[in-house]
Amino acid sequence: MVIEIKVPSPGESITEVELGAWLVEDGEIVEMDDELVEINSDKATLALPAEDEGRIKILKEEGAVVQIGEVIATLDTSVSGDAKDVPAGDAQPEAPAVPADDEPEDSYAAGTPSPSAAKLLQANGILASAVKGTGRGGRITKADVVAFLKNPPAKPAEKPAEKPTPAKEAPKPEARPIPDLPQAGGGGASRNVTRKRMSLLRRRIGDRLVSVKNDTAMLTTFNEVDMHEIMALRKKYKEKFRETYGIGLGFMGFFVKACTEAIQHFPAINAQIDGDEMVSFDYVDVGIAVSTERGLVVPNIRNAESMTILQVEQSIRHFALKARENKITVDDMSGGTFSITNGGVFGSMLSTPILNPPQSAILGMHNIVQRPVAINGEVHIRPIMYLALSYDHRIVDGKEAVSFLFKVKEFLEDPARLLIGI
């Protein structure tokens, strides 16, 4: 029986997608739920799983733009196999795949085994790093593992130590000659240029960011927050928190709660413009910006204003793991009334975050640095974080934006206020 593998709909209003990297080789035997190919839409990157076990025949190449419901491969279920039951000496190697011209061998997928190769590696106790991949982008195929098992690499012989070459005496010309132009890396430095088509997701992100700059009256206001009290509270309870709930106590939970509380005082921060109308919400869906290899995604924590810090931390971990496994869905990113982005995890001291349309505001967190500050006429060294609030001036006045950010600062510098709501 041959099953047609069709492109599923990743969400409403999406009519076409771009095929990303194939995670299996043409003709490879796959098992049910093995990930076959990455599908790039303008909202997310999803992996398409196998519906059954069988031999895959690829009909559309990587980078092809296909319609929803179009057939991109077939699966012959009359052919099956179990990689973990194949002995190393009896396995028949597959023809090695040739890397695609438009995907460099050192792509992010280099060294990643295909599902069947991974099972064979595990069955024989071999590390993936020991096998050189010959598949697309350096992926490890089943044939690579079989070849490794038949001909394990020999340990390289130690090279004898080379005798140092005596330094030549510098010439002593009578005139002052013009020295040769130095060559970077001794003349052997690379000057290769690599071109690779941008994914559909990254192209759409770029278009949206440019439209935000052109279509909104975006301004940014700044403040700083003394993180001493939150860090002391976290240090005191983080071990007990982990023992009780099985999850770490981070800073993001405090920031989400501080923002949702401050929005109750300044609801315009949580509003949006729709044509000639201003749309207000009695809930706060907080988008948390997550950086992935394929671009920035912003899943939303629904009704964050009604959550405890524990529930916020659990939600953040849930989305972080989904993003790491490339399983963020369109529904996860739909909606959202306010966003938070944390450039501090990458070392950012200060930045101006760009709005996530159609939202009217986004809070930017940055790194925590020990700085001298004046407290009651005395100089103290305190952990300081700079905060940035970008907002759409068409709907949020400067007074509201500044007051909102100051309210967030008050909540964070006195976290007990988050518990009693003042």
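Heavy atoms only: backbone and side chains are in, while hydrogens, waters and symmetry mates are out.
- Here the side chains of Gln370 and Arg382 are not in contact, with every heavy-atom distance at 4.5 Å or above.
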Apply side-chain hydrogen bond (donor to acceptor under 3.5 Å, both in side chains) to the pair Asp332 and Thr329, showing each step before the final yes or no. CA-CA 5 Å; Asp332 292 333; Thr329 65; 3.1 Å; yes
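- At a threshold of 4.0 Å, the pair Lys6-Glu70 does not count as salt-bridged, since none of the basic side-chain nitrogens sits closer than that to a carboxylate oxygen.
- In this structure, the side chains of Phe255 and Met385 come closer than 4.5 Å at one or more pairs of heavy atoms.
- A donor-acceptor pair under 3.5 Å is absent between the side-chain atoms of Ser280 and the main chain of Ala271, judged by distance alone.
- Legend: residues meeting side chain to side chain contact (heavy atoms under 4.5 Å, CB included) with Pro267, ordered by chain and number and at least two apart, are absent.
- Donor-acceptor pairing under 3.5 Å is recorded for the side chains of Ser339 and Gln359.
- Pairing each heavy atom of Leu350 with each of Tyr386, the nearest pair is CD1-CB, 3.7 Å.
- Ser403 places a side-chain N or O within 3.5 Å of a backbone atom of Lys399 that can act as its donor or acceptor partner.
- Looking at Trp22, its side chain does come within 3.5 Å of a backbone N or O of Lys60 through a donor-acceptor pair.
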side-chain contact (heavy atoms from CB on, under 4.5 Å) between Leu249 and Phe254, worked out: CA-CA 9 Å; Leu249 177 60; Phe254 292 99; 4.1 Å; yes
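- Arg242 approaches Gly248 most closely through the heavy-atom pair NH2-CA, 3.4 Å.
- Among all heavy-atom pairs drawn from Glu25 and Ile56, the shortest one is O-CG2, 3.2 Å.
- Taking the centre and axis of the six-membered ring of Phe251, the NZ or CZ atom of Arg234 falls inside the cone set by 45° and 6.0 Å.
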Applying side-chain hydrogen bond (donor to acceptor under 3.5 Å, both in side chains) to Asn270 and Thr337, what does each step give before you reach the verdict? CA-CA 6 Å; Asn270 196 50; Thr337 60; 2.6 Å; yes
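- Between the side chain of Asp285 and the backbone N or O of Asn300, no donor-acceptor pair lies under 3.5 Å.
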Intermediate values then yes/no, side-chain contact (heavy atoms from CB on, under 4.5 Å), Thr77 and Met1: CA-CA 5 Å; Thr77 59; Met1 178 179 177; 3.4 Å; yes
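- Of the possible polar contacts, one joining the Glu313 side chain to the Gly250 backbone as a donor-acceptor pair under 3.5 Å is found.
- For the residue pair Val37 and Gly20, the shortest heavy atom distance occurs at CG2-O, 4.1 Å.
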side-chain hydrogen bond (donor to acceptor under 3.5 Å, both in side chains) between Ser390 and Thr352: does it pass, once the steps are laid out? CA-CA 7 Å; Ser390 292; Thr352 56; 5.6 Å; no
May I have the step-by-step check of side-chain contact (heavy atoms from CB on, under 4.5 Å) for Val71 and Val7, ending in yes or no? CA-CA 7 Å; Val71 179; Val7 178; over 6 Å; no
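- When all heavy atoms are compared, the tightest approach of Met252 to Ile288 is SD-CD1, 4.2 Å.
- Using cut-offs of 30° and 60° on the angle between ring planes, the pair Phe404 and Phe338 is perpendicular.
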Test Leu23 against Leu36 for side-chain contact (heavy atoms from CB on, under 4.5 Å), laying out the working first. CA-CA 5 Å; Leu23 306 179; Leu36 304 178; over 6 Å; no
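- With hydrogens and angles disregarded, no donor-acceptor distance shorter than 3.5 Å links the side chain of Glu18 to the backbone of Asn40.
- Defined by atom type and a distance below 3.5 Å, a donor-acceptor pair is present between the side-chain atoms of Ser78 and Asp76.
- Between the side chain of Arg55 and the backbone N or O of Gly27 there is at least one donor-acceptor pair closer than 3.5 Å.
- Checked by atom type and distance alone, the side chain of Asn214 pairs as donor or acceptor with a backbone atom of Val210 at under 3.5 Å.
- Scanning all heavy atoms of the two residues, the minimum distance from Lys257 to Glu305 falls at NZ-O, 3.6 Å.
- Side-chain atoms of Gln264 come within 3.5 Å of backbone N or O of Thr260 as a donor-acceptor pair.
- In this structure, Glu413 contributes its side chain and Asp226 its backbone to a donor-acceptor pair below 3.5 Å.
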